[in-house]
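Heavy atoms only: backbone and side chains are in, while hydrogens, waters and symmetry mates are out. What you are looking at is a predicted structure, and each value in this text was computed from that prediction instead of being measured.
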Amino acid sequence: ARDLKGGESLKIEMLASILEDATRVLHGEDEATHWITTPIISLDHKRPIDHLTSISGYERVKNTLTKIEYGMY
């Protein structure tokens, strides 16, 4: 197996973290997978997974999940 470039491994870590949070917030892995691959209005009609290309995008997705968790959505 080849080593991942720094950027790729960071994306995988961000994805794993978001999936873990989404699974907890949405009460299931299937729900989490569906959520990260579905366009979200508050994320400029993009899929959460599409935002995991930068730290700022990651923070935005994480904040969206926090709002869902606390019923502010």
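- Summarising the geometry, atom CG belonging to L26 is positioned 10.0 Å from atom CG belonging to D21; distances are rounded to the nearest 0.5 Å.
- By the side-chain hydrogen bond (donor to acceptor under 3.5 Å, both in side chains) test, K46 is found to be paired with no residue, residues two or more places apart in sequence or in another chain being considered.
- A 4.5 Å side-chain heavy-atom check between I55 and M14 finds at least one atom pair inside the cut-off.
- Taking the side chain as every heavy atom from C-beta outward, L10 and Y58 never approach each other to under 4.5 Å.
- The distance from atom CD of E31 to atom OG1 of T38, rounded to the nearest 0.5 Å, is 11.5 Å.
- In this structure, the separation between CD1 on I49 and OG1 on T37 is 7.5 Å, given to the nearest 0.5 Å.
- Rounding to the nearest 0.5 Å gives a distance of 9.5 Å between CD of E69 and NZ of K62.
- Here E29 contributes atom CD and E20 contributes atom CD; the two are 10.5 Å apart, rounded to the nearest 0.5 Å.
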Taking it one step at a time, do L43 and D50 satisfy side-chain contact (heavy atoms from CB on, under 4.5 Å)?
-> CA-CA 9 Å; L43 295 174; D50 295 330; over 6 Å; no
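- For the side-chain contact (heavy atoms from CB on, under 4.5 Å) criterion with P48, the lone passing option out of I40, L65, T64 is I40.
- Looking at residues two or more places apart in sequence or on another chain, you find a side-chain hydrogen bond (donor to acceptor under 3.5 Å, both in side chains) between D44 and R60.
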